[in-house]
K.L.:
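So that we are looking at the same thing, I have put the structure below in structure tokens.
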Amino acid sequence: MHLKTSSLLILSPAAIAAVNGMPLEPQTDGLNPTTTTRGNSAELTPDRMTNAQRFAMGLPPLKPKTLRRGTRTRQGRGRGGASMLPVVPRRCNILVEDTDEGTRLGYLKPEINSDGFYGAFQPNQANALEVSFSTPAGEDGWTTGLNLFVENAPDSSKPYLGGGVFYSQDGNQDIGTGTWTFAGIGGSGTTTELGVPPAPVENTANKSGWETAIWTYDTSTQRITAQWVNADGYNPGTHLAYLPERGSYPELSPATIGFTGDTDALKNSQLGGKPVTLTCAPPPPIEGEL
């Protein structure tokens with residue numbers, strides 16, 4: 001028991017025994033405490049006594065009970081959402097590569113096509129689309145549920161990188177194995193919650209359902225991947241993909257970047273998509289900066 005140095009307290013032998021966890025002897029002052037042996041779950045130790053019993057034995061009153069606050073959630077490897085830990089701010093341009101061919105398509109350009117999605121590339125990194133986000137400090141690996149903010153969004157009122165279903169197979173708005181349903185990547189004015197189905201937020205493609213907290217960043221590879229959530233809350237396998245210009249009128253079917261649940265089904269469909277990877281490339285220093 002901790003005693004404040006500002007006061008003195010004389011303890012009886014019985015009280016000293018109680019403090020040390022020894023069995024208490026029956027008292028003759030009329031309190032009639034329960035006599036127990038060591039190991040009994042009902043043993044009358046100081047923390048089990050009432051204040052009246054403690055006062056009678058020369059002990060101070062019990063400390064008032066306090067409510068325990070909720071513990072802070074630690075955002076670590078593979079976790080998403082808010083973190084109380086220090087974070088590392090990151091900025092990068094997005095390098096897109098053809099997975100099958102192993103070739104670079106280029107850096108994603110800050111340009112929205114006629115369908116409201118990104119899909120144009122540029123060979124040079126300078127002035128390419130630039131995103132910013134934060135990851136927990138001192139932790140390597142991947143961080144999920146990120147919202148990516150486009151610093152140079154073509155529509156400054158919709159700066160959050162997200163996606164919505166663009167093409168659906170047989171009206172199926174869910175992505176997954178065996179279907180070439182494809183969601184395009186565009187911008188929105190607000191973010192959506194982690195792990196929830198598509199929400200009705202304003203977006204560049206005017207889609208009724210949209211998701212933003214879908215991004216994962218891996219510090220070891222600098223890869224950016226996505227995790228879509230279907231309408232029923234299911235998290236399907238999500239694969240980044242690219243649709244090249246289609247048909248004789250590219251302006252009506254412009255190149256689009258997005259994701260699907262089955263890249264083979266997408267490649268074999270009339271859309272003719274291909275799997276791609278996204279890599280976070282730190283922006284080159286601005287001329288004149290150290």
Side-chain angles (χ1 to χ4, degrees), residues 80 82 87-97 104-135 143-166 182-194 196 198-217 222-229 238 240-245 250-251 253-259 276-287 289:
V87 296
V88 177
R90 301 181 185 275
R91 297 169 76 105
C92 62
N93 306 116
I94 298 178
L95 175 63
V96 184
E97 298 176 277
R104 290 188 175 190
L105 296 176
Y107 292 93
L108 196 59
K109 194 173 183 178
E111 180 179 288
I112 293 291
N113 62 29
S114 58
D115 291 317
F117 298 108
Y118 291 104
F121 305 120
Q122 59 184 59
N124 300 319
Q125 186 175 358
N127 301 316
L129 181 138
E130 183 177 323
V131 298
S132 62
F133 57 96
S134 297
T135 59
T143 304
T144 65
L146 294 171
N147 284 295
L148 304 186
F149 184 90
V150 180
E151 297 288 343
N152 54 349
D155 182 348
S156 60
S157 68
K158 301 177 181 64
Y160 295 100
L161 201 68
V165 172
F166 184 23
F182 175 87
I185 294 174
S188 67
T190 58
T191 60
T192 61
E193 294 183 25
L194 170 65
V196 301
V201 299
E202 187 177 1
N203 58 82
T204 54
N206 295 318
K207 297 300 177 182
S208 59
W210 199 261
E211 299 181 26
T212 65
I214 58 176
W215 304 107
T216 294
Y217 175 70
Q222 295 186 307
R223 289 284 175 82
I224 295 173
T225 55
Q227 177 58 68
W228 183 254
V229 181
T238 307
L240 292 162
Y242 169 68
L243 301 183
E245 295 176 350
E251 66 277 7
S253 300
T256 304
I257 193 166
F259 36 84
V276 297
T277 59
L278 306 184
T279 301
C280 176
I286 300 175
E287 187 176 352
E289 289 186 353

K.L.:
So, Asn113 side chain and Ala255 main chain: donor-acceptor pair closer than 3.5 Å or not?
P.N.:
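Yes: the side chain of Asn113 pairs with the backbone of Ala255.
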K.L.:
Given the rule in the side-chain hydrogen bond (donor to acceptor under 3.5 Å, both in side chains) test, do Arg223 and Thr279 qualify, once you have shown the distances and angles that lead to the verdict?
P.N.:
CA-CA 4 Å; Arg223 289 284 175 82; Thr279 301; 3.3 Å; yes
K.L.:
Please determine whether side chain to side chain contact (heavy atoms under 4.5 Å, CB included) holds for the pair Trp215 and Asn147, giving the CA-CA distance in whole Å, both sets of side-chain angles, and the decisive distance to 0.1 Å.
P.N.:
CA-CA 6 Å; Trp215 304 107; Asn147 284 295; 5.8 Å; no
K.L.:
In Å and rounded to the nearest 0.5 Å, what is the CG to CD distance from Asn93 to Gln122?
P.N.:
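The distance works out to 8.0 Å.
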K.L.:
State, with a plain yes or no, whether a side-chain heavy atom of Ser132 is found less than 4.5 Å away from one of Glu151.
P.N.:
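A side-chain contact exists here, since the closest heavy-atom pair is under 4.5 Å.
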K.L.:
Under 6.0 Å between ring centres, would you say that holds for Tyr107 and Phe121?
P.N.:
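Here the rings of Phe121 and Tyr107 have centres that are no less than 6.0 Å from each other.
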K.L.:
Are Phe149 and Phe133 close enough that their ring centres sit under 6.0 Å apart?
P.N.:
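No, they do not, as the ring centres are separated by 6.0 Å or more.
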K.L.:
I need the minimum non-hydrogen distance between Gly116 and Thr204, along with the two atoms involved.
P.N.:
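For Gly116 versus Thr204, the nearest heavy atoms are O-OG1, 2.6 Å.
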K.L.:
CD1 of Ile94 to CG of Leu161: how many Å apart, nearest 0.5 Å?
P.N.:
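Between Ile94 CD1 and Leu161 CG, I get 5.5 Å after rounding to 0.5 Å.
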K.L.:
Looking at every non-hydrogen atom in both residues, tell me the closest pair between Cys92 and Pro282 and how far apart they are.
P.N.:
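In this case the closest contact between Cys92 and Pro282 is CB-N, 4.1 Å.
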K.L.:
Going through the checks in order, is the side chain to side chain contact (heavy atoms under 4.5 Å, CB included) test met by Val96 and Thr277?
P.N.:
CA-CA 6 Å; Val96 184; Thr277 59; over 6 Å; no
K.L.:
Between Arg90 and Ser134, do the side chains contain an N or O donor and an N or O acceptor separated by less than 3.5 Å?
P.N.:
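No, no side-chain donor-acceptor pair sits under 3.5 Å.
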K.L.:
Any side-chain to backbone donor/acceptor pair from Glu202 onto Asn206? Under 3.5 Å, distance only.
P.N.:
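Not at all, since once roles are kept as given, no pair shorter than 3.5 Å links the two residues.
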K.L.:
Counting C-beta onward and ignoring hydrogens, is there a side-chain heavy-atom pair between Leu105 and Val276 closer than 4.5 Å?
P.N.:
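Yes, close enough: below the 4.5 Å cut-off.
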K.L.:
Are Pro254 and Ser114 close enough that some pair of their side-chain heavy atoms sits under 4.5 Å apart?
P.N.:
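A side-chain contact under 4.5 Å exists here.
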K.L.:
ring-ring contact (aromatic ring centres under 6.0 Å, His included) with Phe182: which residues, sequence neighbours excluded?
P.N.:
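If we apply the ring-ring contact (aromatic ring centres under 6.0 Å, His included) test to Phe182, skipping adjacent residues, there are no hits.
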K.L.:
Under the 3.5 angstrom rule, does the side chain of Asn124 hit a backbone N or O of Ala126 as a donor-acceptor pair?
P.N.:
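Judged by distance alone, no pair lies under 3.5 Å.
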K.L.:
About how many Å separate CD1 of Ile185 and CG of Leu108, when rounded to the nearest 0.5 Å?
P.N.:
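With rounding to 0.5 Å, CG (Leu108) is 7.5 Å from CD1 (Ile185).
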K.L.:
First locate atom CG of Leu148, then atom CG of Leu278, and finally report the distance between them rounded to the nearest 0.5 Å.
P.N.:
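Reported to 0.5 Å precision, the distance equals 9.5 Å.
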K.L.:
Determine whether a donor-acceptor pair (N or O, by modelled atom type, separation under 3.5 Å) exists between the side chain of Asn127 and the backbone of Gln125.
P.N.:
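Looks like no, no N/O pair under 3.5 Å.
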K.L.:
To check you understand the geometry: which heavy-atom pair defines the closest contact between Ala153 and Pro159, and what is its length?
P.N.:
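That would be CB-CA, 4.0 Å.
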K.L.:
Report all side-chain donor-acceptor pairs from residues 186-194 shorter than 3.5 Å, counting only partners two or more places apart or in another chain.
P.N.:
unit_1, atom_1, unit_2, atom_2, d
Ser188, OG, Thr190, O, 2.7
Thr192, OG1, Thr212, N, 2.8
Thr192, OG1, Thr212, OG1, 3.3

K.L.:
Should we count CG of Asn152 as having more than 12 external heavy atoms under 6.0 Å?
P.N.:
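Atom CG in Asn152 is crowded, with more than 12 foreign heavy atoms closer than 6.0 Å.
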K.L.:
Taking the inter-plane angle between the rings of Trp228 and Phe259 on a 0 to 90° scale, is it parallel (under 30°), tilted (30 to 60°) or perpendicular (over 60°)?
P.N.:
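Trp228 vs Phe259 ring planes: tilted.
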K.L.:
Quick one: are Cys280 and Tyr217 in side-chain contact, heavy atoms under 4.5 Å?
P.N.:
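Yes. Closest side-chain heavy atoms under 4.5 Å.
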K.L.:
Apply side chain to side chain contact (heavy atoms under 4.5 Å, CB included) to the pair Tyr118 and Leu129, showing each step before the final yes or no.
P.N.:
CA-CA 10 Å; Tyr118 291 104; Leu129 181 138; 3.3 Å; yes
K.L.:
Is any side-chain heavy atom of Val229 closer than 4.5 Å to a side-chain heavy atom of Glu211?
P.N.:
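Yes. Closest side-chain heavy atoms under 4.5 Å.
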K.L.:
So does Phe117 get a backbone contact from the side chain of Asp115, meaning a donor-acceptor N/O pair under 3.5 Å?
P.N.:
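No, because the side chain of Asp115 does not come within donor-acceptor range (under 3.5 Å) of the backbone of Phe117.
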K.L.:
Nearest 0.5 Å, please: how far is CD in Gln227 from OG1 in Thr144?
P.N.:
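Thr144 OG1 to Gln227 CD: 9.0 Å, rounded to 0.5 Å.
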